[in-house]
A.B. asks: 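Before anything else, here's the structure in question.
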Number of protein chains: 2
Amino acid sequence: MPPTVTEPIRKRPTLHDVAARAGVSKSLVSLALRDSPKVSAASRAAILAAAEELGYRPNRTASSLVQQRTHSIGVHILDLHNPVFAEILDGVHEAARRHGYSTLLVTGNADRQTEKQEITRLLESRVEGLILIAHRLSDDDIAAIAAEVPTAVVTWQMDGIARVDSVSGDDRLGMRLGVDHLVTLGHRSIAHLSGGENRISHARRDGYVEAMAAHGLEPRVIPGGFTESQGYRAAHEAASSSQDDPPPTALLVANDLAAIGALAAMRDLGLDVPGDISIVGYDGMRLLEALDITTVAQPLADMGRQAADLLMERIDRLDRPSVHRRVATELRSRGSSGPPPSPRR
Amino acid sequence: MPPTVTEPIRKRPTLHDVAARAGVSKSLVSLALRDSPKVSAASRAAILAAAEELGYRPNRTASSLVQQRTHSIGVHILDLHNPVFAEILDGVHEAARRHGYSTLLVTGNADRQTEKQEITRLLESRVEGLILIAHRLSDDDIAAIAAEVPTAVVTWQMDGIARVDSVSGDDRLGMRLGVDHLVTLGHRSIAHLSGGENRISHARRDGYVEAMAAHGLEPRVIPGGFTESQGYRAAHEAASSSQDDPPPTALLVANDLAAIGALAAMRDLGLDVPGDISIVGYDGMRLLEALDITTVAQPLADMGRQAADLLMERIDRLDRPSVHRRVATELRSRGSSGPPPSPRR
DNA sequence: CATCGGTGTTGGAACGTTCCAACTGTCCCT
DNA sequence: AGGGACAGTTGGAACGTTCCAACACCGATG
């Protein structure tokens, strides 16, 4: 058990101190600590010993300054509460680490203003690249950022912006898979709980409308959002608005988190899932497996990994043309979707 | 729509460039950009204009180096996949921002070795303080870290280590609340799905054993873990081991994520919750509200906020004695717990 | 008219590294 | 004996900022 005495944190030793103790020059210490082959075995041993004894710790800020490189990338994530983003982040971390980069993670808390501020901070910290995992910025904002630093966008296709690469699934296709799945089960009255006013939600909504049209079915979009509570509310509205229309027999929800909320709403309304109503989510986060919810899945970690790989590639070759990678989207059928209650005409 | 031409990222302008353009010295530019009152209105205007025109962006690494301050704290988080940590992080971010600090977030991916590496990185980046949100380090490791930088630990009580503050709930009390709740409902056969081999799990397990003893009941601990899948497996084992003993009528689970897994296991076994078996989680993450799972709740965001506040306080006053803050723990009764199936003797 | 105080402004030193050109040996070759 | 190659080592410049002491200028004051 370490003693409770509070010995003052003294000034950190520098290369200079290590050099003095080892009886060599600071340059040699620098070389030795970076495993240069030009250092003799004797010097190396003395230096390592001295560094150890002093508790030397290299100063990255100084190193970054002189090298004009930070070996770090910035990652901006829309909302840490959504486990989807944690899964994407896994891939980003893995790839960054593999390339010898560390990551600076920030969140904008879904507010455009703080989002910009946080990104500004990253730029001032001189990150060498930027990964935006979902964002609320305009194309112009992105272009301005990319003029300063290579950028990769995840979950949304960017095109035509210099130095911006992107990785995303195919939202229209995904929604078609969802609609097809439900239609195959026999549903004809399928409502879509949208994700609110942002690009991804719009794409998913459009995909839904198209797919419904392709089956000759009437689309019904209920405004919602990407959180459990918004999903809950939208689902509640959709399923209880039964005075005029009959309620839908299936809900295709904008994302997984909202689908969890939708499931909760059905439970509170006393409706059986999938007996009375089917629910399908979107994203494919791990937790949905335990919850047995059908979803349109994307390879999340892989998306993060690919974005980071693209970014590293671009850091090495700034002027490479912009790339978009589209990842496979597939339906994972689980217990929350089944045939509609009574064979509707 | 911005043009696709790839104009090379040219060298970033420095204070010097701004000074030249504004026709003043670099010192004055530095003062003006930091809103010093000693700068004349005319100079200030010229400088701001020049900075704007050049797209000047201050270099934080240089600034940190000379100031010997980074205005940033490091945050280490055990596992980003657990939404509990995102909620704690909210509080940390809020407090850090309020004090004018930015945060560097890293994860160890629940592996002790990489955990140490990541923390080393933070120290090399010269963070001014460290917040550990759950960790796997030994007391000696923590003491060594705290010798370099003020440290605050969340979710675990530290005492007697110099320069380490901590914030946690009361795990023993929490488990007693859980057991009491179930006993009050009429349960006598209550199993605990543990969280694995780590301090928090041990404390919760011990709390459970004590509380059971206080009611004169036989404890039954089933080894598990903190993830959905580990919760699933442990619950499956607990509920299906019915050849010898009768299965328990209630499961008190080590954390919320595992409780979700446990719920899934019951569903797959065809058991009704709470009709056949009750489930109680631990932590109080938001998602459980939607899932209607009873849990022992802690004020997560508040824990993060308090930890950050303590840390800031300590950064200002290094030698303050160590503090531990205990936050309130309370039971949130929801739909996953109810009376046992048949009145057992 | 010399001195003072105050307001703006300035150049240089410092922060802790890395990079570079230059230096010292030592050994080998002609 | 003189030179070249090479391994090992060195001091100084640089990175972009902040801090500090000092300066120039002005009007007011004795």
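Proteins come first, then strands; the chains are lettered A, B, ... in the order of their sequence lines, and each starts at number 1.
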A.B. asks: Please report, rounded to the nearest Å, how far the P atom of dT18(D) is from the NE2 atom of His71(B).
C.D. replies: 10 Å
A.B. asks: As a test of reading the structure: which of dG16(C), dT17(D), dG16(D) is closest to the side chain of Leu15(B), going by heavy atoms?
C.D. replies: dT17(D)
A.B. asks: Separation of Glu124(B) atom CD from dG16(C) atom P, in whole Å?
C.D. replies: 15 Å
A.B. asks: Do side-chain atoms of Arg314(A) reach the backbone of Asp319(A) as a donor and acceptor pair under 3.5 angstrom?
C.D. replies: no
A.B. asks: Counting distance only, does the side-chain N/O of Thr103(B) pair as donor-acceptor with the main-chain N or O of Tyr101(B) below 3.5 Å?
C.D. replies: no
A.B. asks: Go through dC19(D), dT18(C), dT9(C) for me and flag the one nearest to the Arg34(B) side chain.
C.D. replies: dC19(D)
A.B. asks: Hey, is the side chain of Ser40(A) pairing donor to acceptor with the base of dG8(D) inside 3.5 Å?
C.D. replies: no
A.B. asks: Just call it for Ser27(B): base, sugar-phosphate, or nothing, with non-hydrogen atoms closer than 4.0 Å on any strand.
C.D. replies: base
A.B. asks: Using only side-chain N and O atoms of Arg60(B), determine if any of them is under 4.0 Å from OP1 or OP2 of dT17(D).
C.D. replies: no
A.B. asks: Can a donor-acceptor pair under 3.5 Å be found between the side-chain atoms of Lys38(B) and the base atoms of dG6(C)?
C.D. replies: no
A.B. asks: Starting at atom CG of Leu28(A), determine the distance to atom P of dT17(C), rounded to an integer number of angstrom.
C.D. replies: 15 Å
A.B. asks: Heavy atoms under 4.0 Å, any strand shown: does Ser43(B) hit a base, just sugar-phosphate, or nothing?
C.D. replies: sugar-phosphate
A.B. asks: What are the two closest heavy atoms between Arg112(B) and Leu137(B), and how far apart are they?
C.D. replies: NH2-C, 4.0 Å
A.B. asks: What integer distance in Å separates Leu31(A):CG from dG16(C):P?
C.D. replies: 19 Å
A.B. asks: Both Arg44(A) and Lys26(A) contact DNA chain D. Which one's nearest nucleotide lies toward the 5' end?
C.D. replies: Arg44(A)
A.B. asks: Does Pro37(B) or Ser63(A) map to a spot on DNA chain C nearer the 5' end, using the closest nucleotide for each?
C.D. replies: Pro37(B)
A.B. asks: Distance check needed: dC19(C) C1' versus Gln68(A) CD, whole Å only.
C.D. replies: 12 Å
A.B. asks: Atom CG of Asn59(A) to atom P of dC15(C): distance rounded to whole Å?
C.D. replies: 12 Å
A.B. asks: Can you give me the closest heavy-atom contact between Ala308(A) and Val92(A), atom names plus distance?
C.D. replies: CB-O, 4.0 Å
A.B. asks: Can you check the His16(A) NE2 to dT18(C) P distance for me, whole Å?
C.D. replies: 15 Å
A.B. asks: Grab the CD-P distance between Gln67(A) and dT17(C) for me, whole Å please.
C.D. replies: 12 Å
A.B. asks: With respect to the phosphate group of dT10(D), does any side-chain polar atom (N or O) of Ser25(A) fall under 4.0 Å of OP1 or OP2?
C.D. replies: yes
A.B. asks: Is the distance from OP1 or OP2 of dG16(C) to the nearest side-chain N or O of Arg126(B) less than 4.0 Å?
C.D. replies: no
A.B. asks: How many angstroms lie between atom CE of Met303(B) and atom CD1 of Ile88(B), to the nearest 0.5 angstrom?
C.D. replies: 5.5 Å
A.B. asks: So if I take every side-chain heavy atom of Leu65(A) and compare against dT18(D), dG16(D), dC19(C), which nucleotide ends up nearest?
C.D. replies: dG16(D)
A.B. asks: My understanding is that only one of Asp79(B), Leu78(B), Val84(B) makes a side-chain contact (heavy atoms from CB on, under 4.5 Å) with His81(B); could you say which?
C.D. replies: Asp79(B)
A.B. asks: Hey, is the side chain of Ser30(B) poking within less than 4.0 Å of OP1 or OP2 on dT17(D), counting only N and O atoms?
C.D. replies: no
